[in-house]
Amino acid sequence: MVQGGFCDPLEHSRKTSVANARLLHKAGRMSDARLKRKHKCTGVRAAATSVVQSTNTVYSSKGYRSKRGFLKSAVESVLSSGKNTGDEATIDRLQKTVVEPVNALEPSMEALSLDELRDKTAEFRERLNNGASLDSLLPEAFAVVRETSKRVLGLRHFDVQLLGGAVLHEGCIAEMYTGEGKTLVATLPSYLNALTGRGVLVGTVNDYLAKRDMEQMGQIHRALGLTVGIVLQSSAPEERKEAYAQDITYCTCQELGFDYLRDNNFVKESPDLVLRPDLHFIIVDEVDSILVDEGRNPLILSEVLLYDDAYQTKFPKAAEVAAQLEEGVHYKVKLRDHNAELLDAGMLRAEELIGVKDLWDLNDMWGDPLLNAIKAKSVFLRDVHYIVKDGKVILVDQNSGRAVPNRRYGEQMHEALEAKEGVELQNPTKNKAIITYSRFFKLFEKASGMTGTARTEAAELWTQYKLGVVTVPSNRPNIRKDYPLMLYMTEEAKFAAAFDEFWWAHKVFRPVLVGTTSVEGSERISGMLRENGIPHSLLNARPKYAAA
């Protein structure tokens, strides 16, 4: 069915099969191996496939140069739409196959003692060993977790949380509104998949959340006879190995990625390995932050190098020379690429200031230190990209706004920043191993995630990770009003409009949480509030404003 030159995804979503999904692979060059993943929540994939089915008919009438160009635009439109029509079919199916059976089992579970509930774990594992599938155990396993949660935490999983747990088990992303209890949702698929004995990982964005979730939700798993571990930034190798050996392990995705890189530097049978031999199943909390925002930054494992004193002295000298060069005359900056380029006039002037004939002489290399010094001067900004604390240059995470003391720029860029700020140069590093989140999470046999804001990133999550997004309805009707984004031509106009909102909120005694993308931005807003007598607290990466 074609409406206005575009296929109606709902018309086909219920009829879509894996064979139809391969049409999308053929037109969009998607990995066939990823399309064969045995996930049942295919609402997104079905909607995208239905677009393919109408491509032959309508792409030329829309003015696209090629069928593939139309396909890319159409699929992204479907995936990023405010309401994915394929969700309805998925939710209806899970309501019948998961929620209703689990609710029917609730009276019988209430009659069991806590010890009898714990015995269910051994029973489930025995049934798995005898050939049962996880899907066949799902309703009873979810009912056991729900009842145990009632006894241990006093929390009963709502029906929508059962839906969210089923979506996660099927290897998709559950989009659930803030306050819907996503942390409790994760206990359902983590328990079910841990029954295999192959381990389940629950990845979060920071140590605080990992520890909180382990301490709270781990009570449910322990009550059911499962073992629970945690990996923090401060964990020693022996502690990490023990934690990863547990049935369910809470960790940050960053620590998990670095442990994988470190393990890859050891032989297969090395006792220094900390991870399990295979990557079975991971549930990623705040999945859009991890896979989309952080996903653009590769994880880099570095090793310390030792430079001689003569080479170390080049960084302060290069910083001194860069300070005397003028942008547009001696060099040009490419802010988008975080790069800079020396012009002919700049090379001549730099050679004169340094007292050498050739900046790129292999026996006395000055070109690289000077380029880094120029980037440190014009591209990497203090209190935006980094801060200076206790005589050290500390990077600022551009997504979270937090200082990350253990992270350094590579390729001598960090040394250039240290020279620019006049602090002691630390030992340089060299990249030893590197991997992106995109590549890392594809190594898992099954991956899923949860967040409150996945729909806007649905196209990228599908393209990069083959993870469909299913929007789970809220437990109660949402009375919050979501207004559209406001765009402004200038930064000054944007800040002025933002201040108007703060002022009105203050007048009606409404608390406001304001997030900015830089330390500088947070302090600019703080200054506006202070000048107008509006009380507030400031939290950013500067030492005096940082969280304790």
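Each residue takes its place number in the sequence, starting with 1.
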Would you mind reporting whether [Y] and [X] have side-chain heavy atoms less than 4.5 Å apart?
X: Leu299; Y: Ile434; value: no
X: Val231; Y: Asp259; value: yes
X: Val388; Y: Ile394; value: no
X: Thr252; Y: Val205; value: no
X: Leu529; Y: Ile525; value: yes
X: Glu327; Y: Lys332; value: no
X: Ile230; Y: Thr249; value: no
X: Leu163; Y: Val98; value: no

Gap between atom [atom2] of [Y] and atom [atom1] of [X] - 0.5 Å precision:
X: Glu460; Y: Trp462; atom1: CD; atom2: CH2; answer: 14.5 Å
X: Phe158; Y: Asn475; atom1: CZ; atom2: CG; answer: 4.5 Å
X: Ile283; Y: His169; atom1: CD1; atom2: NE2; answer: 10.5 Å
X: Leu291; Y: Ser438; atom1: CG; atom2: OG; answer: 8.5 Å
X: Ile173; Y: Arg455; atom1: CD1; atom2: CZ; answer: 10.0 Å
X: Leu155; Y: Gln216; atom1: CG; atom2: CD; answer: 8.5 Å

*asked:* Just to verify, what does Phe281 make a ring pair (Phe, Tyr, Trp, His ring centres under 6.0 Å) with, not counting sequence neighbours?
replied: none
_Arg530/Glu523 salt bridge by N-O under 4.0 Å criterion_ = no
_Under the criterion side chain to side chain donor-acceptor pair (under 3.5 Å), I'd like the reasoning laid out for Tyr437 against Gln464: C-alpha separation, chi angles, the key distance, then a yes or no._
CA-CA 10 Å; Tyr437 278 125; Gln464 293 295 326; over 6 Å; no
*Can you list the steps and then say if Asn193 with Lys446 is a side chain to side chain contact (heavy atoms under 4.5 Å, CB included)?*
CA-CA 10 Å; Asn193 286 267; Lys446 182 167 68 173; 3.0 Å; yes
Treating [X] as the side-chain partner and [Y] as the backbone partner, does any N or O pair qualify as donor plus acceptor under 3.5 Å?
X: Ser448; Y: Leu168; value: yes
X: Thr463; Y: Ala459; value: yes
X: Asp87; Y: Thr471; value: yes
X: His506; Y: Ile534; value: no
X: Glu106; Y: Val102; value: no
X: Thr490; Y: Ala493; value: yes
X: Gln161; Y: Gly181; value: yes
X: Asn478; Y: Ser474; value: no
X: Ser149; Y: Arg146; value: no
X: Asp337; Y: Asn339; value: no

*Is the ring centre of Phe502 less than 6.0 Å from the ring centre of His536?*
no
*Pair Tyr409 + Phe380: ring centers closer than 6.0 Å*: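 Close enough - the centres of the two rings lie under 6.0 Å apart.
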*Apply the test side chain to side chain contact (heavy atoms under 4.5 Å, CB included) to residues Val396 and Val384: give CA-CA distance (whole Å), side-chain angles for both, the deciding distance (0.1 Å), then the verdict.*
CA-CA 7 Å; Val396 174; Val384 177; over 6 Å; no
*Evaluate the salt bridge (Lys or Arg N to Asp or Glu O under 4.0 Å) criterion for residues Lys182 and Asp213: first the C-alpha distance (whole Å), next the side-chain angles of each, then the deciding distance (0.1 Å), finally the verdict.*
CA-CA 11 Å; Lys182 293 186 287 292; Asp213 295 352; over 6 Å; no
Residue pair [X] / [Y]: nearest heavy atoms and the distance that separates them:
X: Ala174; Y: Val472; answer: CB-CG2, 4.2 Å
X: Arg151; Y: Met109; answer: NH2-O, 3.5 Å
X: Ala141; Y: Leu192; answer: CB-CD1, 3.8 Å
X: Leu105; Y: Ala143; answer: CB-CB, 4.0 Å
X: Thr97; Y: Pro139; answer: O-CG, 4.0 Å
X: Leu232; Y: Glu255; answer: O-OE1, 4.2 Å

With a cut-off of 6.0 Å (strictly less than), are more than 12 heavy atoms of other residues, nucleotides or ligands near [atom1] of [X]?
X: Arg439; atom1: CZ; result: no
X: Glu501; atom1: CD; result: no
X: Phe258; atom1: CZ; result: yes
X: Lys211; atom1: NZ; result: no
X: Tyr208; atom1: OH; result: no
X: Tyr177; atom1: OH; result: no

*His157/Thr187 under side chain to side chain donor-acceptor pair (under 3.5 Å): CA gap, chis, key distance, verdict*: CA-CA 10 Å; His157 295 75; Thr187 60; 3.1 Å; yes
*asked:* Show, in sequence, the C-alpha distance, side-chain angles and deciding distance for Thr204 and Arg212, and conclude whether the side chain to side chain donor-acceptor pair (under 3.5 Å) test is met.
replied: CA-CA 10 Å; Thr204 63; Arg212 182 203 68 179; over 6 Å; no
*Report the residues that fulfil salt bridge (charged side-chain N to carboxylate O under 4.0 Å, His left out) with Lys334, sequence neighbours left out, ordered by chain and then residue number.*
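Only Glu341 meet the salt bridge (charged side-chain N to carboxylate O under 4.0 Å, His left out) criterion with Lys334.
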*What's the verdict on salt bridge (Lys or Arg N to Asp or Glu O under 4.0 Å) for Arg524 and Glu491, showing C-alpha distance, side-chain angles and the deciding distance?*
CA-CA 12 Å; Arg524 178 173 179 178; Glu491 191 175 66; 3.0 Å; yes
*Check the angle between the aromatic planes of Phe440 and Phe444 and answer parallel, tilted or perpendicular using the 30° and 60° thresholds.*
perpendicular
*Tyr465 vs Phe441 aromatic rings, parallel, tilted or perpendicular, using cut-offs 30° and 60°?*
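Correct class here is perpendicular.
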*Residues that Thr453 engages under side-chain hydrogen bond (donor to acceptor under 3.5 Å, both in side chains), provided they are two or more places apart*: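 Per chain and number, Thr453 pairs via side-chain hydrogen bond (donor to acceptor under 3.5 Å, both in side chains) with Asp288.
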_Candidate pair Lys392 and Glu421, rule salt bridge (Lys or Arg N to Asp or Glu O under 4.0 Å), full reasoning_ = CA-CA 9 Å; Lys392 294 181 180 179; Glu421 297 296 340; over 6 Å; no
*Carefully, step by step, assess Val99 and Leu94 under the rule side chain to side chain contact (heavy atoms under 4.5 Å, CB included).*
CA-CA 7 Å; Val99 176; Leu94 295 178; 5.8 Å; no
